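Below is one structure; the comments refer to it alone.
Chain identifiers are assigned alphabetically (A, B, ...) following the order of the sequence lines, protein sequences preceding nucleic acid strands; residue numbering begins at 1 within each chain. Quantities reported herein were computed from a predicted structural model and do not represent experimental measurements. Heavy atoms only: backbone and side chains are in, while hydrogens, waters and symmetry mates are out.
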Amino acid sequence: MTVVDEKGSGEYRSRVREWLGAHVPPPTAGLPPAEVLRIAKEYQAALFEAGFAGITWPKEVGGQGLGPAEQQVFSEEAADYDLPTYPLTIGMGMCGPTLVDLGTPEQKQRYLPKLLRGDEVWCQLFSEPGAGSDVASLQSRAERTDDGWVLNGQKVWTTNAQWADFGAVLARTDPDQVKHAGITMFIVDMHAPGVTVRPLRDMSGKSPFNEVYFDDVHLPADGAISPVIGEVGRGWQAAVTMLGHERVSIGASRPSRSNSLGFDAVLALARREGATADPANRERLAELYAHERALQLLNARMRQETQAGRPPGARGSVAKLAGALQLRRAIAVVGELAGADVVAWDPDDALSADVAQGINSAPASSIAGGTNEVQHNIIGERILGLPKEPQVDRDIPFRQLKVGTQGGAR
Amino acid sequence: MTVVDEKGSGEYRSRVREWLGAHVPPPTAGLPPAEVLRIAKEYQAALFEAGFAGITWPKEVGGQGLGPAEQQVFSEEAADYDLPTYPLTIGMGMCGPTLVDLGTPEQKQRYLPKLLRGDEVWCQLFSEPGAGSDVASLQSRAERTDDGWVLNGQKVWTTNAQWADFGAVLARTDPDQVKHAGITMFIVDMHAPGVTVRPLRDMSGKSPFNEVYFDDVHLPADGAISPVIGEVGRGWQAAVTMLGHERVSIGASRPSRSNSLGFDAVLALARREGATADPANRERLAELYAHERALQLLNARMRQETQAGRPPGARGSVAKLAGALQLRRAIAVVGELAGADVVAWDPDDALSADVAQGINSAPASSIAGGTNEVQHNIIGERILGLPKEPQVDRDIPFRQLKVGTQGGAR
Amino acid sequence: MKLVLDAEQEDLRSAVRRLLADRSSPATVREVMASERGDDPGLWKSLADLGLLGLVVPEDFGGAGAGHVERAVVLEELGRAVTPTPFFASAVLATDALLALDDDAARAELLPALAGGEKVATVAVAEGGGPWDRTGGATTATERDGGWRLDGTKTPVLAGMVADVVLVLAGTPDGPGWFAVDAAADGLTRTALTGLDPTRRFARLAFAATPARRLVSADPGAALDLVADLAAVALAAEQVGVMQRALELTVDYAKVRVQFGRPIGSYQAVKHGLADVYSAWEHSLSVLRHAAWTADHDRAGLPLAAALARTYIGPACFEAGNAMVQYHGGIGYTWEHDAHLYYKRAKSAQLLFGPPSAHRARLADRLGI
Amino acid sequence: MKLVLDAEQEDLRSAVRRLLADRSSPATVREVMASERGDDPGLWKSLADLGLLGLVVPEDFGGAGAGHVERAVVLEELGRAVTPTPFFASAVLATDALLALDDDAARAELLPALAGGEKVATVAVAEGGGPWDRTGGATTATERDGGWRLDGTKTPVLAGMVADVVLVLAGTPDGPGWFAVDAAADGLTRTALTGLDPTRRFARLAFAATPARRLVSADPGAALDLVADLAAVALAAEQVGVMQRALELTVDYAKVRVQFGRPIGSYQAVKHGLADVYSAWEHSLSVLRHAAWTADHDRAGLPLAAALARTYIGPACFEAGNAMVQYHGGIGYTWEHDAHLYYKRAKSAQLLFGPPSAHRARLADRLGI
């Protein structure tokens, strides 16, 4: 049961549809990393040549200068495909738009066209071991030198760092300020000496993330192009801008066709297990569908409202949270349908393997990009206007704060 | 499916069983209030004469001076009956034990024997419109006079005030202290001039509670018997003592036989509706049973641990919370079983009426005696030892605090 | 697919909200729900005057010729105000039934009176608390002396005590049939039922050789399905209104009620609970808009969209009512506070057309599972 | 009914906890679960030396002659430490099966070897992910040349790759029968399965005219039911241990992990979530103690108590594992942190003997619904 929004027609849509039909390569999942990267770059270059890269980005940086309507058409048409652009998503969805908002003319000129063409890959370096939900408690530091800055620290959960050419990194530049001040966002050359990227193995056994270590990494500030995004000491504001792009990016993404906990996949599992005749299972499947479909309709309504001039804003958190909770619901349902078939399975049983992989990676959705708890806070405070909790770390210089598990009793 | 713990035998148990069999009157539900009160007092007097009143209370105040084992036997045997003692429960379960703990010899002598015999009825006056979960924010005040105190203020949710002879009331005696200090617990004569008791209608349409208004009520302190329970300014400590007795009182109570949302009643409803053949309903009933039975077993285990010298302490909150959540679960199940039969029913359909009454009074369990939210805090802080939230009202004189909805924007 | 309202539809909402602020204030609701009749004839006339009773009735029959999206807007507002009114019985169930059947004479006779508010009608299909029975249940219609007579019992019947006309589904020798019965007909006994929700009245209707007029219908079962699906959309709208108001009032209270020195809305237990209610409301609103749109523009998609609305919104709405009582604490548990009206309306709406399991089962059927 | 442990039982717990602290530390668990064999023969010997493998085996057969309450204590500790071990297959399933059957010769031959740790045994009943089939499923046994031969496939079989002896339920011309198969027998093909939980190994066992020894049993189906009920109690014990440790570790972390200037355990979202896990653990422990007591003292009450344990504890345990990952945040999602071992053990335990719905259905049956 695949449900997609109605699609209109129109000249732009026809062009998009035709181009995608002719150019999207077969899925790259399972190929060696180097191949995945090569195919992504080739596809993006072709997209750029065809005039479909950066649809809403300004023309002067290589974008198309079009509006959300065209972006929407492209997204709708692209939803039928498994695009190969995974290595480029952070750059396209977060770093690029932030540079469009905050970059100097020189920065835009230097970085954005190559980003758009897929020549250069970007990553985003915010999270640290001691700074998860509380990003602003980060401890990486950048200190001024004669000819720029020197960067030290550790980042985690860095998607795409393994093939990135550049990164947008947050570092503390003044620990005597309170925690949200004294942070600056920099552009770091990921090939510079002192940058170490290590894959981070997640609980499902895969390594989609990295740890990144900076040891005396030099950020040159003596040329025409500053390494600072926005202003020195206003890195938090730059981060908020970037996280806004992240939320939109997550909110707009549709459930993947290959989501092994999506309704289509769960129904296929139910059929294989011969479990669809039991009235209780039928109720469970209906309930699962209802929540998935309600979320699709909410996303569709928010897109329509955006087109009508009312962007979703913090309501992106509603969709993000609902998506995470839906995976928990699905885990319960697949257990009912398959029982021990998702506990242990024949090596060639791809369906059970997919579902088990879904069970073991589902927690990421409730943690990454802001935990469910943080999303609840955002909804309560920024949408409903409920009062914040007492803030205990607002007025204290960062140097004096305890962060992460520093000083913990164990 | 009624499940009771095994009952041993023994001489004490035989005596209890025999006495109860001969003396418990028919259920008083539905009788006029005056009748209910008369029957309660008669029963209690007979209980007292038979030597079963105040089993664990000291002999010098009229109790039996026995241990928890005898109390346990009595409770087990009494569980088969619908005892008529409802009007006396607050006195027996809370005020009396608190006077045993904190009363002066004169207070004990004056009040406890009559309480135990059922001659005098007690109520407890803590909650106020602005002080619910946060009892210590109470605003009723008692001011010293030449010959005692004068009491003013409003109390709510006062069970049994309509037939009470005395009340244990918390009032603020020093608003310049921080909120938990400056409170004193008093004995108030509920027949004194200036005491007004008004029934409070709850959402189910019944009036089991009262509002109580005190207008210049004189609390005489010129005789031998002080109106103060514990010490002046230490009313909060006295309240904690009394609330401890309350929790034990709630925790020890078994689900009433007549609970229309209990498993037995829900199964009877399912049978009437012909709903037990549907596999999904069978699962729902099993799930409902499982949670009810697990709670019974938890209570049984805590009783055994108490006998072995490890009292439940704050774990009473676990049982209290679970009982409230079980009612919510039951509401969902009865809806599945009965559909519109619990939306509207023939006037003579007592089963539907009972279930609907259960639906409409269930929220009380999640609010009264400490909301679910408060129980969660107690479990998290007092059992798991998790840190408290920042306290914003600890060090400020009560006079300067905002409480309830005072000064709210609307 | 259009999931947002246009300016005209927003104007309609404002007009209805103004009317209800005036004629269905909390104080009025209290008065009306305590009255013997259980609804307010003055409000009924106002609803008729504004054209709201005949919103989906074609102009030829005295209606406004508008659509289900518009009717949903009205129902959201009626839900917001927990207004006691036979609107759902008359302007939804009975009106939809007359439109779904094929009886031009009955339409011409009844629809103008319903749209104009001169008559109140209802539909009698249920025979107990379960889902609607397509066969007419145990109620039978027999032809005698050139006319039809009904025997059987229908319960619960929405607005059954105040309805002037009752549209009944009954079994005939040639399958289920629809019948119109005059409330004053011989052999019709109406008994007021006791109800969980004081803002909604029901009756049991017993028919004993009650004279009835058979209504022309090419496919009475299909007509029933359509009526049920449109009722699902309408009820969803009411529930979305109930949720929204319950949420608003509770958020307002959580901002001003102080315990332990802070507004209770600053505590995560309350904040996150209300965030969940908000999330469920946003989802429900989307599901509703989609269902109402399909009712107007995609009848083939309606059965699925309607079953989705019943499945998703029923429990979501009750959670909102439950949260309203819970986060108001003691005051929310009193009769004087309005929280219980939302709690009870939410629960009665959830179960009105049978148990939630029946809705999930129907959704599964319609998904082809 | 006794729901608290006595001093001797607490001593047993301490001894096992000491052993596992020494021989099944987190680092050792990592090593063992990555090994080809998937369990630690050294630990196995220690368990045997302490008499833990034969806890419920009568002394006549080389066991300790203790009861299910004691075995539950051991399993709680094995669960706490998420120890990879064939204990459940050999000291629970196979041991219970031999005791439930009526084959004195097999008992005399096998039980001392199992209790002494010289052999590992398992039981092969499941043929797919659903609940156990009392008939033996599609696996058949035929008598040929004076002996029995098995044909069919059993999967998943706990510890199926390392077991020396497999007790198989198969259909015979005269109903279901139990058979003992040597792991080295001709015509037995064992395939290692891929698993969700790295601390628990399974195999698929294919029988093709595999020689087997028929075990004497007056009522093979009743024996299976008893084995299943005792397995439910044993698994509940493991799950209670998993929950308890998951809770402890998470509470400890919540006290020291600071975000936004406060330990995360001071936030109600985390505090209340952990309170719910604690509550579920307290309930689960009570249910377990009761079930273990009935296994020893009230066999008539065992079927109900066992079904209750499966129904209540399965989801409660998974919630504890899920909360452990969630409240550890990013670090809890890494392979290096132990949270995922508890999450996966909890999920695999929940589904090991078929879907939760099957357990609820069995509970309903046993309640006479």
Side-chain angles (χ1 to χ4, degrees), chain A residues 1 3 5-7 263 267 270-271 275-277 279-308 310 312 315 317-322 325 372-373 375-390, chain C residues 1-6 247-248 250-252 254-256 261-268 270-291 298 304-305 307-313 315-316 356-369:
Chain A
M1 169 64 35
V3 187
D5 298 331
E6 49 159 4
K7 291 179 184 169
F263 178 74
L267 180 56
R271 293 217 156 102
T276 55
N281 283 338
R282 297 171 62 77
E283 284 193 36
R284 284 187 267 268
L285 286 164
E287 183 81 4
L288 189 70
Y289 166 82
H291 282 82
E292 181 175 299
R293 179 67 175 140
L295 177 54
Q296 287 172 352
L297 290 168
L298 170 58
N299 279 322
R301 183 165 66 84
M302 290 199 295
R303 283 194 300 272
Q304 291 187 14
E305 290 185 2
T306 304
Q307 286 169 11
R310 190 194 161 207
R315 290 187 300 161
S317 289
V318 174
K320 202 259 180 202
L321 175 61
L325 297 179
N372 291 358
E373 290 73 24
Q375 305 305 329
H376 271 113
N377 273 352
I378 292 172
I379 297 168
E381 293 169 11
R382 293 180 45 194
I383 302 180
L384 300 180
L386 292 168
K388 290 187 174 239
E389 299 195 65
Chain C
M1 181 168 72
K2 197 162 144 289
L3 303 176
V4 291
L5 300 181
D6 60 29
L247 178 65
E248 280 175 15
T250 311
V251 166
D252 286 350
K255 288 178 184 172
V256 299
R262 289 159 51 186
I264 60 169
S266 71
Y267 292 101
Q268 287 187 334
V270 175
K271 184 180 290 175
H272 292 191
L274 289 172
D276 284 335
V277 173
Y278 173 78
S279 171
W281 172 76
E282 281 279 9
H283 283 78
S284 296
L285 182 63
S286 310
V287 167
L288 165 64
R289 290 274 183 275
H290 175 250
D298 176 20
L304 183 59
L308 172 67
R310 296 296 311 122
T311 298
Y312 189 89
I313 299 179
S357 56
H359 305 308
R360 288 192 291 269
R362 191 173 303 128
L363 179 56
D365 289 345
R366 288 169 180 185
L367 285 167
I369 297 172

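Across every non-hydrogen atom of C:Ala275 and A:Leu384, the tightest pair is N-CD1, 4.0 Å. Closest of all the heavy-atom pairs between C:Lys255 and A:Pro387 is CG-CD, 4.3 Å. Contact record, C:Val287 with A:Leu297: CA-CD1, 4.1 Å, taken as the closest heavy-atom pair. The two atoms that bring C:Lys271 and A:Glu389 nearest to each other are NZ-N, 4.0 Å, heavy atoms only. C:Leu363 approaches A:Ala290 most closely through the heavy-atom pair CD2-CB, 4.1 Å. The two residues A:Ala300 and C:Met1 make their nearest non-hydrogen contact at CB-CE, 4.2 Å.
Without hydrogens or angle criteria, A:Arg282 side chain to C:Ile369 main chain gives a donor-acceptor distance under 3.5 Å. Proximity of a side-chain donor or acceptor of C:Lys2 to a complementary backbone N or O of A:Gln304 within less than 3.5 Å is not detected.
Heavy-atom distances place both the backbone and the side chain of C:His272 under 4.5 Å from chain A. Using a 4.5 Å cut-off between heavy atoms, A:Arg284 does not touch chain C at all. The contact between A:Asn377 and chain C is made by backbone and side chain atoms together, counting heavy-atom distances below 4.5 Å.
Comparing C:Gly273, C:Ser266, C:Ala280, C:Ser279 by how many heavy-atom pairs each has under 4.5 Å with chain A, the most go to C:Ser266. Chain C forms more heavy-atom pairs under 4.5 Å with one residue of A:Leu321, A:Val318, A:Asn281, A:Leu325 than with any other, namely A:Val318. Of the residues considered (A:Ala294, A:Ala308, A:Pro279, A:Gly380), A:Ala294 shows the highest number of contacts with chain C, using heavy-atom pairs under 4.5 Å. With respect to chain C, the highest number of heavy-atom pairs below 4.5 Å among A:Gly385, A:Ala270, A:Ala280, A:Ala277 belongs to A:Gly385. Of the listed residues (C:Val270, C:Asp365, C:Ile313), the one with the most heavy-atom contacts under 4.5 Å to chain A is C:Asp365. Counting heavy-atom pairs closer than 4.5 Å to chain C, the top residue among A:Ile379, A:Leu386, A:Asn372 is A:Leu386.
A distance of 11.5 Å separates CG of C:Leu308 from CD of A:Glu292, quoted to the nearest 0.5 Å. The distance from the CZ atom of A:Arg315 to the OH atom of C:Tyr278 is 5.0 Å, given to the nearest 0.5 Å. Rounding to the nearest 0.5 Å gives a distance of 13.0 Å between NZ of A:Lys388 and CZ of C:Arg262.
No side-chain heavy atom of A:Leu285 sits under 4.5 Å from any side-chain heavy atom of C:Leu367. When side chains are defined from C-beta on, C:His283 does not count as touching A:His291, because their heavy atoms never get closer than 4.5 Å.
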Inset, instruction - I would like to know whether A:Arg301 and C:Glu282 meet side-chain contact (heavy atoms from CB on, under 4.5 Å); could you show each step before the answer? - result: CA-CA 10 Å; A:Arg301 183 165 66 84; C:Glu282 281 279 9; 2.2 Å; yes
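In terms of the side chain to side chain contact (heavy atoms under 4.5 Å, CB included) criterion, residue partners of C:Pro356 (sequence neighbours excluded) are, by chain and number, B:Glu336, C:Gln350, C:Leu351, C:Arg360. A search for salt bridge (Lys or Arg N to Asp or Glu O under 4.0 Å) contacts involving C:Arg362 returns nothing, not counting sequence neighbours.
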